[in-house]
Chemist: 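Quick one: the structure is below, and I'll ask about it shortly.
Keep in mind it's a predicted model, so treat the numbers as computed, not measured.
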Amino acid sequence: MSLGTPLRETNVSGSAVVTTPDGEPRMYAVIDGSPAVLAVVDPRTAKTLWTSPLTGGGTGALVVLDSGDVYIGGAGNVYHLRWGSQAPEDLGKPVANQTVTYSLTIGDDGLIYGVTYPGAALFSIDPSNDAVHNFGSLVDDAKHAYAVTALGGNLYVGTGSSPHFLRVDPTTGAVSDIAMPDGSDGDNALASVFDVNAVGDIVYARIGHDIKYSPLYPYHPDTDSWDDPINDVAGLGLPPAGPNGEVYVMTENTLTAYDPETSKLSPTPLTYPGRVYNYRGTGWVDLGDSDWPGQTLVGFFWRGEVWRYNPTTAKTQTDQSDVPTSPVDIISVSPARDGGVWVGGHLVGFAHVAEDGDTTYHRWSQAESFYDDGRNLWIGAYPDSRGYRFDPSLPFNDPDYLPGPPGSAINPVKLWDFALDETYTGPPQDRVFAMTRAGRWVLAATGPKLTAFGGALVVYDTKTGKYRIIGDLAHERALTSLAVRAGMVYAGSWINGGTGSSNPPQFEGTVLAYDLEHGRVRWQVSPEAGATSYVATQFDARGRLWTLAGTALLQLNPATGAIKRRVQLPGTMSTTSATSPSTVGTVAQVPGKDALYVGVADRLCLVWGATGKVDDLGEFGYSQFAVLPDGRLVLVSGVTLYKWQPPTA
């Protein structure tokens, strides 16, 4: 039975503002989702003129030629929308085995240039015939080539992590690594060059650790020198210079004019509240309206709001456009107190889905893990491995994402944030892989950012409202899963690092037992020789402790971690480069039976606790599942949820 697509959202991942060959101001926007959608909007009315699906995915990479042709980046592929057409052509992948085309630019030679992940590759497309040239990987130590721009016959590329600011001669393919500006932390492998934009004769590079907002450094190619940065600038692009040569940036929630001659910052009246205040592509157009004389700066904010700023009158306006929502991939699912489930989506919010499919959606952050204790919902959010408490009985109210009714209390309440914690000194954390509760303590297992290795355990005290972070429990490994019993926390770990990491320093994962009362590790072992990961650590109904090592389900002695029983499941699998442990394997109790559901290697099995007997329930093409109290499963397949009663003896 289908429960529908519970997560739909407007998430503008990229846009461009232009005057078309027929003299009309237009906004092109890519709406993230499955499928992504290209929308064309009239900036005078904020009304959508037409849309087209991008079945191969879409990113913030978007350029418009003087001819009116549009090129759009996707899941490693590129689309070509010809002027006058409403059907983008999928040109395929300019570079094989790439999963993201991060950025596109128009070179001084008229070619389209793009950069990719995970190969940090550069390519060109000739718009006269769409012929492709692959320059290959630009550096050996970075997977993300985030941005590319063109100036003075050269290309400038930003990578992360490790960070490089590169000059590329597109004629010869020669690559020069430009020294980072002082104070940029550019020698830190965890930093990134998130954006590069050429405005006038300056290249602006946004360099830092936070993709939302980081310092923006002006670089002068003619003198090979850097100016002092503009702090806390949000992406994702910069418009051409204004009437007096000024460059407009979003900093501290405000559209601000930067004078490159004097470095003076002049805030405008245009503001956008909340945690995410970057604009998604912007440009100058004549709106043909006396209230907006001359050139007006126009752009999108991330939830589809069209904003305008006129430098002559200082008039501003923000309107919610009618660009469409799009179905969003479900990345997390967990049982709810009332027999339904909680689901989180990629770069959107979370929703409660009742047994009949009725859905309550909350626009919010990317929710990667949940634990419903019957009164509160505890949420692990990306990025920065943040933790929240949400009371479903109260109105939703989060000014960072979606304000609630006037006078209502903040809900969800933020409990911790690794980015703001001054006491934590371990590798930067990004994701909350698992949450659970042990009496007064709520526990969270976290994993690192980008190329870092190592995780942490967060212990939040519900009585005092304080938390502590316990780092380096499993050296250079992230914690993947949690189980609790009698004041002990049992955690699995894996050797994987963050997105973009390679060559992990450890070769085996571990399972450990941590004593909450005494604050120490009782034991830590690698029970299965050569196993790189232990995910889905779980107690069964009879108090047996289990963990999943590849396709081997291991029963462990809670006192020592030694293997008591090994159950081999069908199939083979690898966790190399996996980002989320919950998509690698799931273990859950079967209600009312001494048995476990185990989903791994694209199969679902029923494992009987007393005997270890395995009932192979067949191929299982679902990324995750949650078990309802009546034994039915809620299954995740892309953007869709299904409910199913598996056969049990």
Chemist: Using a distance-only test with no angle check, is there a side-chain donor-acceptor pair under 3.5 angstrom linking T576 and S574?
Modeler: yes
Chemist: Check step by step if side-chain contact (heavy atoms from CB on, under 4.5 Å) holds for D227 and Y219.
Modeler: CA-CA 7 Å; D227 290 340; Y219 173 74; over 6 Å; no
Chemist: Can you name the nearest heavy-atom pair linking V17 to G281, along with the distance?
Modeler: CG2-O, 4.3 Å
Chemist: Looking only at atom types and distance, does a side-chain atom of S85 sit under 3.5 Å from a main-chain N or O of L81, one as donor and one as acceptor?
Modeler: no
Chemist: Before giving the answer on side-chain contact (heavy atoms from CB on, under 4.5 Å), spell out for W50 and T48 the whole-Å C-alpha distance, their side-chain angles and the decisive distance to 0.1 Å.
Modeler: CA-CA 6 Å; W50 58 267; T48 301; 5.9 Å; no
Chemist: Which residues satisfy the side chain to side chain donor-acceptor pair (under 3.5 Å) test with D69, sequence neighbours excluded?
Modeler: H80
Chemist: So how far is it from R303 CZ to I31 CD1, rounded to the nearest 0.5 Å?
Modeler: 10.5 Å
Chemist: Of all heavy-atom pairs between P324 and T10, which one has the smallest distance, and what is that distance?
Modeler: O-OG1, 3.4 Å
Chemist: Considering only heavy atoms from C-beta outward, does the side chain of S321 approach that of K47 to under 4.5 Å?
Modeler: no
Chemist: Let me know which of T318, T271, V298 forms a side chain to side chain contact (heavy atoms under 4.5 Å, CB included) with W307.
Modeler: T318
Chemist: Going by the side chain to side chain donor-acceptor pair (under 3.5 Å) test, which pairs reach into residues 135-152, not counting sequence neighbours?
Modeler: D141-H164
Chemist: Supply the atom-to-atom distance L138 CG to T116 OG1, rounded to the nearest 0.5 angstrom.
Modeler: 8.5 Å
Chemist: Answer yes if the side chains of T296 and N310 hold a donor-acceptor pair under 3.5 Å, and no otherwise.
Modeler: yes
Chemist: For P88 and Y79, which heavy atoms make the closest approach, and how far apart are they?
Modeler: CB-CB, 4.1 Å
Chemist: Just so I know, are the side chains of I112 and F123 near enough to count as touching, which here means a heavy-atom distance under 4.5 Å?
Modeler: no
Chemist: Considering only heavy atoms from C-beta outward, does the side chain of V196 approach that of V157 to under 4.5 Å?
Modeler: no
Chemist: Taking all non-hydrogen atoms of both residues into account, name the closest pair between V139 and T159 and its distance.
Modeler: CG2-CG2, 4.4 Å
Chemist: Assess, by modelled atom type and distance only, whether the side chains of T251 and D232 contain a donor and an acceptor separated by less than 3.5 Å.
Modeler: no
Chemist: Should we say atom CG of D222 is surrounded by more than 12 heavy atoms from elsewhere, each under 6.0 Å from it?
Modeler: yes
Chemist: Dump the intermediate steps for salt bridge (Lys or Arg N to Asp or Glu O under 4.0 Å) on D259 and K264, then the final yes or no.
Modeler: CA-CA 5 Å; D259 186 335; K264 180 182 177 181; over 6 Å; no
Chemist: May I ask you to test the L297-T282 pair for a side-chain heavy-atom distance under 4.5 Å?
Modeler: yes
Chemist: Do you know which two heavy atoms are closest between S161 and A189, and how far apart they sit?
Modeler: CB-O, 2.8 Å
Chemist: With under 30° as parallel and over 60° as perpendicular, where do the rings of Y117 and Y102 fit, or are they tilted in between?
Modeler: perpendicular
Chemist: Would you mind reporting whether I207 and P181 have side-chain heavy atoms less than 4.5 Å apart?
Modeler: yes
Chemist: Out of curiosity, I330 CD1 to S623 OG, how far, rounded to the nearest 0.5 Å?
Modeler: 7.5 Å
Chemist: Determine whether the aromatic ring centres of residues Y309 and W292 are separated by less than 6.0 angstrom.
Modeler: no
Chemist: Would you say the rings of F165 and Y217 are close, in the sense that their centroids are separated by under 6.0 Å?
Modeler: no
Chemist: Distance from D289 atom CG to R44 atom CZ, nearest 0.5 Å?
Modeler: 9.5 Å
Chemist: Aromatic ring centroids of W494 and F453 under 6.0 Å?
Modeler: no
Chemist: In this structure, which one of Y213, Y401, F301 forms a ring pair (Phe, Tyr, Trp, His ring centres under 6.0 Å) with Y277?
Modeler: Y213
Chemist: Any luck finding a side-chain donor-acceptor pair between S385 and D430 under 3.5 Å?
Modeler: no
Chemist: Does one side chain, of R8 or T325, offer a donor that lies under 3.5 Å from an acceptor on the other?
Modeler: yes
Chemist: Using 4.0 Å as the upper bound for N to carboxylate O, is an ion pair formed by R275 and D400?
Modeler: no
Chemist: Where do Y204 and V233 land on the side-chain contact (heavy atoms from CB on, under 4.5 Å) test, with the steps shown first?
Modeler: CA-CA 11 Å; Y204 295 84; V233 173; over 6 Å; no
Chemist: Just wondering, are more than 12 heavy atoms of other shown residues or ligands nearer than 6.0 Å to CG in D22?
Modeler: yes
Chemist: Is L111 close to Y113 at the side-chain level, that is, under 4.5 Å between some pair of heavy atoms?
Modeler: yes
Chemist: Identify whether the distance between the nearest side-chain nitrogen and carboxylate oxygen of D384 and K449 falls below 4.0 Å.
Modeler: yes
Chemist: Would the number of heavy atoms belonging to other residues, nucleotides or ligands and lying under 6.0 Å from CG of N97 be above 12?
Modeler: no
Chemist: Can you name the closest pair of heavy atoms from P243 and W284 and give their distance?
Modeler: CD-CH2, 4.0 Å
Chemist: So, does T19 use its side chain to make a donor-acceptor pair with the main chain of G23 at under 3.5 Å?
Modeler: no
Chemist: Any Lys/Arg nitrogen of R386 or E368 sitting under 4.0 Å from an Asp/Glu carboxylate oxygen of the other?
Modeler: no
Chemist: Given 3.5 Å as the limit, does a donor-acceptor pair link the side chain of S103 with the main chain of V148, or not?
Modeler: yes
Chemist: Out of curiosity, L265 CG to E246 CD, how far, rounded to the nearest 0.5 Å?
Modeler: 12.0 Å
Chemist: Could you go step by step and tell me if R308 and L287 meet the side-chain contact (heavy atoms from CB on, under 4.5 Å) rule?
Modeler: CA-CA 10 Å; R308 310 174 186 89; L287 298 177; 3.9 Å; yes
Chemist: Side chains of V348 and R363: closer than 4.5 Å at any heavy-atom pair?
Modeler: no
Chemist: Is there side-chain contact between P383 and I211, with at least one heavy-atom pair below 4.5 Å?
Modeler: no
Chemist: Answer yes if the side chains of T532 and T575 hold a donor-acceptor pair under 3.5 Å, and no otherwise.
Modeler: yes
Chemist: Is the gap between the ring centers of Y279 and Y272 under 6.0 Å?
Modeler: no
Chemist: Has the side chain of W302 got a donor or acceptor atom that lies under 3.5 Å from a matching backbone atom of G14?
Modeler: no
Chemist: Looking at D130 and R82, is there a salt bridge between them, counting it only when a charged N and a carboxylate O are closer than 4.0 Å?
Modeler: yes
